[in-house]
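Within every chain, numbering begins at 1; the chains are lettered A, B, ... in the order of the sequence lines, protein sequences first and strands thereafter. What you see is a predicted model; the values in this text were computed from it and never measured.
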Amino acid sequence: MEIPKAYDPKLAEEQHYARWEAQGFFAPEINRDPHAPVYSIVIPPPNVTGSLHMGHALQHTVMDVLTRYHRMRGYRTLWLPGTDHAGISTQIQVEKQLRRDENLTRHDIGREKFLERVWQWKEKYGGEIQRQMRREGASVDWSRERFTMDEGLTRAVREFFVRMYEKGWIYRGEGLINWCPKDQTALSDLEVEKVEKKDGKLYYLQYPIKGSDRRVTVATTRPETMLGDTAVAVNPTDERYIDLVGATILLPLVNREIPIVADDFVDPTFGTGAVKVTPAHDQNDHAMGLRHNLPMIKVIDSQARMSADAGAEFESLDRYEAREKVVAKFEELGLLEKIADYEFSISQCGRCRTVIEPLLSVQWFLKQSAFGERPLELMRERHEPRFVPENPYEKVYTNWLEGLYDWTLSRQLWWGHRIPAWYDEAGNIFVARSEEDARKLAGTDKLTQDPDVLDTWFSSALWPISTLGWPDETDDLKTFYPTDVLVTARDIIFLWVARMMMTGLEFANDKAFKDVFITGTIFDKHGQRMSKSKGNGVDPLEVFDKYGVDATRIVLASIGTTDTRWNDSQVEAYRNFANKIWNAARFCLLNSEGAEVGKGFAGDAQTWTLHDRWIMSRLQKAVRDVSRSIEAYEFHAAVQALYHFFWDDFCDWYIELTKADVTATEPGEARDAARSRVLTVLEQALRLLHPFMPFITEELWQKLPGVGSQLLHAAYKDAVPTVMLAAYPQSREELIDERAESDIASIIELVSRVRNIRSEMNIKPGEQVRLLVAAPDRAARAVFESGAQQIARLVRASDILISESFDAPRASARAVLAGGAEVAVPLEGLIDFAKERERLRNEREKLEKEATRLEGQLSNQNFVERAPAEKVEELRQRLADIAQRTRMLGQTLEAFSE
RNA sequence: GCCCGCUUAGCUCAGUUGGUAGAGCGCACGCCUCACACGCGUGAAGUCGAAGGUUCGAGUCCUUCAGCGGGCACCA
């Protein structure tokens, strides 16, 4: 068999995915066991405009590991993919294209034509991320792929809206909302980000009081809004102003008479203690306006320009121009007291970073406070969902649910779910599942549908149920809901995670998912968040190209929930690991004649060689640790267990220990058995690795002699053989053999000590040494005797003499092993006595230090009395062993010094 | 202002019931040893952010502080 020396990931990556997909391996229907347990995950739908970034790759890897693991465990497994229509982003993308290619705006071509364009765009460019997911090896069920604007999901959205409206939780009303003047739409509070403004200014403006010479000074960061002031507020307890409450102010520039009102909201210690009130353009002022029944004058329009109500002088000025002009006017009038430097934070659009304008307008809202009760109850009573890591996310989630406010649902966009509300000519509202229903309700055909669409997160909130068929009671919904885990990033816990919980509990009467796995954030190597605008993102596709998908995946899996700085060297390390796997398999395959997976480990374990019993014992422990770790979402631990089992136990020791048997020139039963065993262990390791490294494991598994449907999990027994449907190994406790492990451990220690001597004494690698081993303990001696040939091979010894005690030549390098065995390497003419003495002294020093520490601990009465007896005993044993070894080293050293 | 997290070897990170500090990379030395130089062997390297406390015993529990990073509230 021709097998290249180095693993080329491309070959495997190009072949297997298409075959898996075509064979239907990803769909739950592949599972033929009617009683199989169910495991399901819905993907956080990436934006249809998006392309893969590291965060996706991380989430997808975690989901795929879980999916593949459970599939191999025989679960009826569904990982459901899909994309989000991403209202604003997509609309803007298409508008840009329209402008670039045809110099048209959406208004030029009209709503209907524009939407056609968006759909065309989606068909043409929307498949990018799906292609990239195939590259990742994501084992999603493409037959169930969904898009948030699909017919079924659209129906779900309308159903959601209508039911909430009927319940009175959705309402239409005037409110002060976040308006993005660039995107020309309302935004929910969650889509707004606060940014510190370091070079901010605080303007102190003086307002004259009518019928008095006094002036009240107010401080503001937005002087232009004074044109819309309808009051000045002071704290009722503020003695400076108490006599002014009820007085009238003559508002400069506009000459409006406005009252001074008293309101607890005002902090007397801030600014001047007097606040200008602009109810139409500030959240707090709006609340005060409602409390005091103040007029609400809109002086800024949706373009962030001053309106007619701002006065002829200011009308149509940009808000910032207006600001300057207002300040200049105040200065002219001698009413500008001062301008102070002031740091504060401004709200900006989360998408385009334009400064938000609070605007008073009529919108649709959802009363989330009512909606949040059941998720809170679920957390309090059943502690669900379980967040991984629990800290700090459980608290973040809970705190948010405890302080819910109304959600602005409507968006002044064209691309999205149209609000299912119609108006008759009198302006009456009819909310219905279809226009037809609305007509029936209204008793007229003359209806106009609300032009707005819903916040994209409205449809996202339904994702786990809508993708499974809700509002119909489909089989999928019955089978796969609730889902097992949601894997996502921390920044959408409120926007999405909490809301899915709300809708799931409301409509499907059950939680949307049992667990929530919050992935870590991947930063660049300087600790900066990766972002498009900074251009510091690492493209997963490039990493795939450079190091292979499997290597990237296993690194991502071990990142898991940790915030980490990306560095390629880790991926390189796992690229090397992949190559190690490749070459271990290469070794097995080059020596596979007469051998088959599954053979060799038949019969009584006691008839196997020591190293066979050892590797099987190690394998069981690895299997146990890996499974446990995956189930606890501790992927890092799982990866470590796999890495060290494969590299250290299997490659460094097992293959080396069995090599002589496997590569024996004489064919025969013994050689066949040794070859079959190494193949069998390899095959099990490939299965264990498969969820993390799907491509290389499939590539190699397919090459192994003896693999076939008998290795598949019973639920897939009719399927075409593939490692992805093989049964995930289960730990067999009866094969754990502590005796074999300690026996091999002593051989490993012996080999390591001799290698150390060779290295320290500068013995040329090609040079053979003689080895003398003295083991007073009969059992230990038996172990060394049985492993003599292997030991000789591993330390390059020409011969090895094992006895109860020895009288080694003086010119020998020596070491004392745990348990009191001793080893000597005669080095006639080669030994550097001074160096050997130093080596031994160092060794003794280390032991003595340890002994001193142990003695100290054991002579502490408190310790002996209070620590558990077995702990004390353990330390005594250790001390005894060390004392003996120290003595022996001392003797050796003495003999040396003569 | 309130709440939370992080601080362990030069770098990136593990360390889950408190009981001899770990990995990978990097570094040093020696090796193309018949699976693998994407490799093999050997080695050096940490007062576990600081100070207290609880305990026979603390990287691990408690308190305070410092640096970094989150979340929430406020921001006239």
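One interatomic measurement links the two molecules: CG of A/D189 to C1' of B/A73, which rounds to 13 Å at whole-angstrom precision. Rounding to whole angstrom units, CE of residue A/M288 and C1' of B/C75 are separated by 13 Å. The distance between atom CD of A/E838 and atom P of B/A44, rounded to the nearest whole Å, is 12 Å. Here the P atom of nucleotide B/C11 and the CG atom of A/D568 are 19 Å apart, to the nearest Å. Protein atom CZ of A/F523 is 14 Å distant from nucleotide atom P of B/C6, rounded to whole Å. At whole-Å resolution of the value, NZ in A/K201 and C1' in B/C75 are 17 Å apart.
Pairing for B/A23 is with B/U12, a Watson-Crick or G-U wobble pair whose two hydrogen-bonding atom distances lie under 3.5 Å. Figure legend. B/U17 is base-paired to no nucleotide; pairs are counted as Watson-Crick or G-U wobble with both atom distances under 3.5 Å. Base pairing annotation: B/C48 forms no Watson-Crick or G-U wobble pair, as no partner gives both donor-acceptor distances under 3.5 Å. Nucleotide B/C34: unpaired (no Watson-Crick or G-U wobble partner with both distances less than 3.5 Å). Here B/G59 sits opposite no nucleotide as a Watson-Crick or G-U wobble pair (both hydrogen-bonding atom distances under 3.5 Å). Figure legend. B/A66 is base-paired to B/U7; pairs are counted as Watson-Crick or G-U wobble with both atom distances under 3.5 Å. Using the Watson-Crick or G-U wobble rule with both distances under 3.5 Å, B/A28 pairs with B/U42. Across the strands present, B/G1 finds its partner in B/C72; the criterion is a Watson-Crick or G-U wobble pair with both atom distances under 3.5 angstrom.
Distances from the side chain of A/R565 to the nucleotides B/C13, B/C75, B/G19 place B/C13 closest. Among the nucleotides B/C74, B/C13, B/U20, the one closest to any side-chain atom of A/T564 is B/C13. Considering only the side chain of A/N567, B/U12 comes nearest among B/U20, B/A14, B/U12. Taking the side chain of A/Q640 as heavy atoms from C-beta on, and the options B/A23, B/A14, B/C75, the nearest nucleotide is B/A23.
A gap of 13 Å separates the P atoms of B/G18 and B/A58, to the nearest Å. Rounded to a whole angstrom, the distance from the C1' atom of B/A23 to that of B/A14 is 7 Å. For B/G41 and B/C4, the C1' atoms lie 47 Å apart once the distance is rounded to whole Å. Remark: the separation of the P atoms in B/G22 and B/U17 is 16 Å, to the nearest Å. When the C1' atom is used for both B/G24 and B/A9, the distance is 12 Å, rounded to whole Å. Annotation: B/G70 and B/C29 have their C1' atoms spaced 45 Å apart (nearest Å). Taking atom C1' in both B/C25 and B/C38, one finds a spacing of 13 Å when rounded to whole Å. B/G15 and B/U8 are spaced 14 Å apart, taking the P atom of each and rounding to whole Å.
A/N579 places no side-chain N or O within donor-acceptor distance of the main-chain N or O of A/A6, the cut-off being under 3.5 Å.
Aromatic ring orientation, A/F635 versus A/F517: perpendicular (interplanar angle above 60°, classes split at 30° and 60°). Using bins of under 30°, 30° to 60° and over 60° for the plane-to-plane angle, the ring pair A/Y654/A/F650 lands in the parallel bin.
A/V864 comes within contact range of no nucleotide atom at all, as no heavy-atom separation falls under 4.0 Å. Residue contacts shown for A/T272 are absent, as no nucleic acid heavy atom lies under 4.0 Å away. Residue contacts shown for A/F494 are limited to sugar-phosphate atoms, with no base heavy atom under 4.0 Å away. Looking at heavy-atom distances under 4.0 Å, A/Y204 makes no contact with the nucleic acid at all. A/E874 comes within 4.0 angstrom of no nucleic acid atom, judged by non-hydrogen atoms across all strands. The residue A/L854 sits apart from the nucleic acid: no heavy atom pair falls under 4.0 Å. A/D563 comes within 4.0 angstrom of the backbone, heavy atoms only, and of no base. Across all strands, A/T278 comes closer than 4.0 Å to no nucleic acid atom at all (heavy-atom distances). Looking at heavy-atom distances under 4.0 Å, A/P868 makes contact with a base. Here A/R878 lies in heavy-atom contact (under 4.0 Å) with a base. Among the atoms of the strands shown, none is found under 4.0 Å from any heavy atom of A/K764. Heavy atoms of A/N284 sit under 4.0 angstrom from primed sugar atoms or phosphate atoms, though from no base atom.
Salt-bridge formation is not detected for the pair A/K10/A/E13: no Lys NZ or Arg NE/NH1/NH2 atom is positioned less than 4.0 Å from an Asp or Glu carboxylate oxygen. One finds no salt bridge joining A/D524 and A/R565 here, because no Lys/Arg side-chain nitrogen approaches an Asp/Glu carboxylate oxygen to under 4.0 Å. The pair A/E767-A/R796 does not count as a salt bridge, with every side-chain nitrogen at least 4.0 angstrom from each carboxylate oxygen. A salt bridge links A/D341 with A/K201: the distance from a Lys NZ or Arg NE/NH1/NH2 to an Asp or Glu carboxylate oxygen falls below 4.0 Å. The pair A/R386-A/E390 does not meet the salt-bridge criterion, since no charged nitrogen lies less than 4.0 angstrom from a carboxylate oxygen.
Within the cation-pi definition used here (under 6.0 Å to the ring centroid, within 45° of the axis), A/K338 qualifies as a partner of A/Y204. Judged by the 6.0 Å distance and 45° axis criteria, A/K659 is positioned over the aromatic ring of A/F587.
Mapped onto RNA chain B by nearest heavy atom, A/P392 and A/Y405 fall at different nucleotides, with A/P392 at the one closer to the 5' end.
Checked by distance alone, A/E634 brings a side-chain donor or acceptor within 3.5 Å of a matching partner on the base of B/U16.
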Worksheet entry | Check against ring pair (Phe, Tyr, Trp, His ring centres under 6.0 Å), A/Y397 and A/F387 | CA-CA 9 Å; A/Y397 169 85; A/F387 279 86; 5.0 Å; yes
Fill in: Per-nucleotide protein contact string for nucleotides 32-43 of chain B, where B marks a base within reach and S marks sugar-phosphate only (heavy atoms under 4.0 Å, - for neither)
-B-BB-BSSBSS
